[in-house]
Amino acid sequence: MKLDRTGLSLIVVVVMLLVSGPFLPSWMVSLLNVSMCYGIVVLGMMLLMRTGLVSFGHGLYYCLGAYAAGLIDQVWKMPDMLLMVAGSIVATAVVSAVLGLLLAKYREIFFAMLSLAFSMILYGLLVKSASLGSTDGFNVAAKTVGGVAVEGDTLRVTVFSVTAVILGIAAFLLHGYLASHRGRLAGAIRDNELRVEYMGASVFATVHFNYVVSAVLAGIGGALMAVNIGHIDPEMTYWPQSGEFVFIAILSGTGSVFAPLGGALVFESVRSFAYEYSPNTWQMVLGITMLVVMIFLPGGLWSLFTRGKAKEAAT
Amino acid sequence: MKRIGGALGAAVVACSLLAMGMPAQAQQKTSVKVGFVTFLSGPAAGPFGVPAKMAAEAIVESLNAGKGPAPYQIKGFGGLPIELVVADEAGGATKQVAEFRTLVQRQEVDMVIGYIGSGDCLAIAPVAEELKKLTVLFDCGTPRVFEEASYKYVFRTRAHATMDAVAATMYLLDNRPAVKRISGINQNYAYGQDSWNDFEASIKAMKPGVEIVTSQMPKFGAGQYGSEVSALLASNSDVIHSSLWGGDLEAFMLQAQPRDLFRKSVLVLVAGEPYLHRLPGKIPDGTIVGARGTNGVFAPDSPHKRWLMEIYKAKAGVDPNYPAFSVAQAFLGVKAAWEKATAKKIGSAIPMGAAKNVKEEMEKAYAPPTQDELIAAFENSTFDSPSGKVKMGLGKGHQAVMGTAYGTTRFENGVVKVGNIKYYDAERVTPPEGISSLDWIKSGFRKSK
């Protein structure tokens with residue numbers, strides 16, 4: 001894979017995060033942590049959106065990844081952060097590969113509603129599982145990272161760094177994929193499926209593959225969130241959570257792998273400060289932000305960066 | 001040119017991030033900043049969250065003015081005024097953990113009092129421990145908080161939910177010993193499931209021959225209970241147990257009443273007390289109601305109860321319901337511990353007439369207690385509250401134990417009255433230390449050593 005400007009910038013960002021991590025105030029570390037976990041999930045949403053699909057049920061994989069991590073901790077008593085992430089990848093890949101066989105045949109509102117239905121099935125199952133704490137969920141704690149025991153203050157910094165590295169790798173690989181032959185098919189499928197089929201490419205296989213990739217990304221985000229927050233509950237697959245991912249994806253735009261990462265950070269910061277300064281109307285603050293972005297930046301926040309370029313090219 | 005602009009932008013962002021992260025200048029303490037977290041939006045806001053917020057505001061105003069009942073007449077906490085920082089509990093455990101970190105690390109509150117949702121309490125407790133910040137859970141009920149872990153920085157000033165089911169069973173069997181067939185309708189989420197499981201286990205332990213006919217579990221916020229009412233009618237039960245609350249309870253009552261469900265079946269409403277005033281004429285006579293503790297109508301008359309009734313009514317225009325009582329317990333518990341810690345420091349300071357360092361030592365003694373001193377005074381403490389004496393007797397001195405009460409409703413002159421009130425001591429309805437609630441019930445309420 002060729003190292004282009006985006007790839008290089010990704011490396012710079014991750015290194016900056018790693019270097020600054022120990023010196024940042026802890027509230028900012030947790031803000032960045034949550035944003036990074038959301039960012040990974042929204043990377044997957046971006047891939048789907050490029051394919052012309054909007055999933056209102058990605059909470060399914062977000063939650064599945066988190067519960068895979070939680071079960072590795074609670075049931076198999078192996079509280080290793082990397083193992084939890086690996087477990088979530090396996091769980092979400094298997095489930096999405098199966099569900100994808102059905103979902104990849106649907107488009108638009110049918111795809112959105114069907115994915116929503118699957119996520120609510122998981123919600124229903126978890127609510128009925130008293131042994132998993134029902135709606136109260138249970139606590140998750142990572143005690144080792146790759147077999148090395150970490151605790152106390154180093155744990156937070158380590159978790160932060162590992163999250164940053166995983167985010168970097170995920171974004172880097174996705175960027176490479178988007179530039180590859182198959183990755184470019186996504187946009188073509190969105191524009192005209194028939195033409196793609198005539199060119200000899202399989203629309204079904206591409207949509208299915210993209211769906212699995214986005215599901216795995218959501219699962220990784222969920223597992224990392226479980227480790228970062230320390231608690232999981234079925235709320236993670238409830239529809240407003242899935243809606244939030246769509247919200248961030250629309251807020252961000254789909255121009256670059258940086259869009260979801262920046263969008264997630266903006267979203268989480270707006271939410272956090274809205275909670276603090278207007279506890280009674282924080283939902284409204286988020287809504288107004290969304291409206292403003294949709295009206296003035298229909299291409300998402302990322303269009304702020306591409307707008308200048310478009311003008312330059314025009315002149 | 002563009003490159004330079006970009007670099008400049010990055011530098012500005014970096015600087016502002018650094019500035020935001022600067023620690024606040026150390027100042028002399030002039031107030032106690034209390035983060036107060038309660039539902040301000042969502043289904044739990046109306047019946048629980050907003051009454052709790054109004055109670056907190058009324059209590060803080062009254063305490064800051066030095067108008068608390070004896071022994072709480074000192075202003076604020078030990079003379080320092082209390083400053084409330086209110087936050088919304090809506091949004092689920094993930095957001096609550098993020099918000100808790102914000103409260104502690106960015107807003108730098110001195111302590112957090114809050115949380116109605118059991119899931120939120122379970123999620124917050126380990127984070128409070130990690131951040132080493134005194135956190136008082138005021139209203140959530142799940143016994144899991146202190147049965148699955150033990151904490152240094154986390155307290156809960158209300159009794160946990162097990163006693164609701166155990167006392168309800170005792171009251172039921174005392175007043176209707178002939179009961180044979182029992183059914184339940186509870187919401188399908190953790191609290192509803194726990195309430196029913198505890199009640200079912202208690203009945204089986206206390207009166208083994210009773211038949212459990214059906215357990216209806218409508219989803220949270222269902223609103224329509226047609227099929228559940230049909231199932232309950234067909235079950236031909238003597239008793240229907242329910243832990244419904246809020247809009248769900250009101251909807252169920254309105255839909256069940258016209259179908260005569262309660263002509264044959266006695267209703268047990270574990271958390272029914274706050275709705276007595278909202279549903280006059282819709283709660284059938286003879287309904288057994290509880291208030292999850294000796295709260296509301298069950299609170300024995302005392303200066304503390306009269307104080308809360310007065311200040312809450314002045315603020316909200318209605319009588320306080322049980323979340324308001326829980327809030328009072330949390331604030332008065334902290335206040336009692338704070339003043340106990342200060343008194344202990346003053347008592348053990350250098351005696352009068354000592355030759356040197358008298359001034360320094362006295363200043364130290366009269367300074368506000370450190371968090372560790374406060375926690376030491378809070379553990380295993382006993383204090384007066386509007387719902388009676390609270391003893392921090394479980395969870396290694398971090399979990400309150402209290403008695404509870406049940407009563408029977410009677411519709412009289414347009415208002416619902418509660419009569420035949422029976423009180424149950426904490427020891428009879430709460431498991432001893434070191435055994436989980438369900439195990440304790442199943443073991444036939446084994447006495448502690």
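So that the names make sense, note that chain A is the first sequence line, chain B the second, and so on, each numbered from 1.
When each of B:Ala149, B:Ala98, B:Cys121, B:Ala90 is scored by its heavy-atom pairs under 4.5 Å with chain A, the top score falls to B:Ala90. Ranked by heavy-atom pairs under 4.5 Å with chain A, the list B:Val97, B:Val85, B:Asp88 is led by B:Asp88. Between chain B and the options A:Gln283, A:His231, A:Glu235, the largest number of non-hydrogen pairs under 4.5 Å is found for A:His231. In terms of heavy-atom pairs under 4.5 Å with chain B, the best-connected choice from A:Gln241, A:Lys128, A:Glu268, A:Met236 is A:Lys128. Put simply, of A:Gly230, A:Ser26, A:Ser20, the one with the most heavy-atom pairs under 4.5 Å next to chain B is A:Ser26. Per-residue heavy-atom pair counts under 4.5 Å with chain A were compared for B:Gly92, B:Ala87, B:Gly91, B:Ala93, and the maximum is reached by B:Ala93. Options B:Arg144, B:Lys219, B:Glu148, B:Met217 differ in how many heavy-atom pairs under 4.5 Å they form with chain A, and the most are formed by B:Arg144.
Exactly one of A:Tyr238, A:Phe118, A:Tyr62 qualifies for a ring pair (Phe, Tyr, Trp, His ring centres under 6.0 Å) with A:Tyr123. That residue is A:Tyr238.
For B:Gln224, there are no side chain to side chain donor-acceptor pair (under 3.5 Å) partners at least two apart in sequence or on another chain.
Contact of A:Asn228 with chain B is made through the backbone alone, with heavy-atom distances under 4.5 Å. Contacts between A:Met225 and chain B at a heavy-atom distance below 4.5 Å involve the side chain alone, from C-beta outward. Only the side chain of B:Val127 has a heavy atom closer than 4.5 Å to any heavy atom of chain A.
Between A:Glu244 and A:Phe267 there is a side-chain heavy-atom pair separated by less than 4.5 Å.
Taking the ring centre of A:Trp27 as origin, the terminal cationic atom of B:Arg106 falls inside the region bounded by 6.0 Å and 45° from the ring axis.
For the pair B:Asp198 and B:Lys442, the salt-bridge criterion is not met [side-chain N within less than 4.0 Å of a carboxylate O].
Ring centers of B:Trp245 and B:Phe220: under 6.0 Å apart, within the cut-off.
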B:Val112 vs B:Val104, side chain to side chain contact (heavy atoms under 4.5 Å, CB included): CA-CA, chis, key distance, verdict: CA-CA 8 Å; B:Val112 177; B:Val104 173; 4.2 Å; yes
